[in-house]
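Contents: one structure, followed by commentary.
Everything quoted here is computed from the prediction, not taken from an experiment. Both counts, for ligands and for their atoms, begin at 1 and track the order of listing.
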Amino acid sequence: MANVNRWGSNLTFVLAMIGSAVGLGNIWRYPYVLYSNGGGAFYIPYLVAILTLAIPFLILEYGVGYHYQSSFTKAIVKIKPKLEVYGWILPVVVFIMTVYYSTIMGWDGIYLFLSFFKGWGADPNTYLNVNLLHSVDSLGGITNFLPFVAIFMLIGWFIVWIVSRQNLDEGLGKVCEIAVPLLFVIMAFIVIFSLTLPGAGIGLAELFDPDWSLLWHFDIWMAAFGQIFFSLSLGMGAGFTYASYTKDDVDIISSGLQVIIANCAFENFAALGVFSILGYMSLHSGVPVSQIVSEGTTLIFVAYPQVFNVLGIIGLIVGPLFFFTVYIAGITSMLSSFEVLSISFQNKFAMTRAKASLILCLIGAIASMVYATSAGSYILSIADMFVNNIVVILSVFVECIIFAWVFKADRLIDFLNERSGSIKIGKIWLFMVKYIIPILLIVIWVGGMIDIFALDSIEYIIVFAILGVILIVSSIIFSLLPAKTKEWFKTGERIK
Ligand code: PHE
């Protein structure tokens, strides 16, 4: 019987991985991160982060996934059965992220719908915060349910369910083969269009105006490492899982490099488009770019609709294309983060893809309803902080130690080199994954925790505590539940 969890070709694997990497992080997050962290000067920490962290770690994560050809959890059990609880923690954290990711997808779905008739009206700011989200910055807002937002979030979950319930190559594989090239084509169109707008140069000059003094600030280094992590879906089991679905002859090293190049090219390209459009807006309204630019959500759902308003009839074409691009970028990422826990369920509890997808989509959809309330965007920012500042980096640190030291990354060198073309890994790579990356991760984690300790809000602590309990209790339960397959206990290794 053909394996239901195999990519049909290596190209599908690379496209799917690019689909996972290119997501909201590239369009919603990156342009502002680049702008607010020194503009052109940001490229120095950004490149350092790619060379020291992204390339070596990605090869490690993909390499171990490729070696075990199983879920992250099962691989951890094979490496050391006693570590099973940890093997669940990472997939559950990624699932928590998937749940809040579905919220932004829902908002984007609404804007895609509205963009056909500029339904946000003349004042997109009021529309977003007052009319649509009824935003309040307190947990009290949780009692005010927003059915319109909920419907669009459920549509996202429905799509994830429809795609992921099918055999891998027929569902996810096909979707990525079509969606990922399409994503690049539409984005190229939008960016080229934006570059031709009057005033584009004003925006680009503002974006790239380097503030070299910031290089001495710890924050911009943190921002670069954080961005690279999120944007490349690094360390979160997505790359691990996708690489585990490959056939036997894949060149993991070059595939990984292709993903990094495509992802980083995409986000920088997207930033050109975003800032050209902001430059146009600035020329049109006389307001400096620095006052128009804003962080992700406001950028996409306020600044962009404002621009589509002044673009007249053209806005009715570019607007839907833009929100559609964000949607495809987001859904291919959400599908990959969803896959991480789903395959662990399939492996341990002998579930079919269809069953694991149904159960997890139902849980995810129900849990996500917390965000379809007036407190939604407030809780989302707390959950994002919980995931990105507190748990992920620490958990990736543990992953790095387990892969590099307990599994022994040395073993991967020949295994990966044999299947690789001209690019080989060796001692430098090993040194990076054993020493440099764990140190970097701890420094980044401590930096992120300083922000957490600076918070002075009981509500943040309440949400952190709830998420922390959900994370730990569910991971313990999943690890204690008896496995339904004998496979689970098999230890076989492909390399010695
Ligand atoms: N890389 C995705 C983005 O840029 C986010 C993501 C992280 C997806 C981890 C899957 C796993 O939006």
key: Partner set under side-chain contact (heavy atoms from CB on, under 4.5 Å) for F184, not counting sequence neighbours   = I18, V22, V180, A262, F266

task = Sequence neighbours left out, what passes side-chain contact (heavy atoms from CB on, under 4.5 Å) with D219? Give chain and number order.
result = none

message = Please confirm whether the ring centroid of F240 lies under 6.0 Å from the ring centroid of Y62.
response = no

remark   = Contacts of F158 meeting ring pair (Phe, Tyr, Trp, His ring centres under 6.0 Å) (sequence neighbours excluded), chain-then-number -> W161

ask   = For the residue pair F301 and F323, does the interplanar ring angle fall in the parallel (under 30°), tilted (30 to 60°) or perpendicular (over 60°) class?
value = parallel

request  = Check the angle between the aromatic planes of F415 and H67 and answer parallel, tilted or perpendicular using the 30° and 60° thresholds.
outcome  = perpendicular

Ligand 1: which protein N/O atoms lie under 3.5 Å from its N/O atoms?
residue	atom	partner	partner atom	Å
ligand 1	1 (N)	S20	O	3.3
ligand 1	1 (N)	A21	O	3.0
ligand 1	1 (N)	F230	O	2.8
ligand 1	1 (N)	S231	O	3.1
ligand 1	1 (N)	S233	OG	3.0
ligand 1	4 (O)	A21	O	3.0
ligand 1	4 (O)	G25	N	3.3
ligand 1	4 (O)	N26	OD1	3.3
ligand 1	12 (O)	L24	N	3.0
ligand 1	12 (O)	G25	N	2.8
ligand 1	12 (O)	Y101	OH	2.6

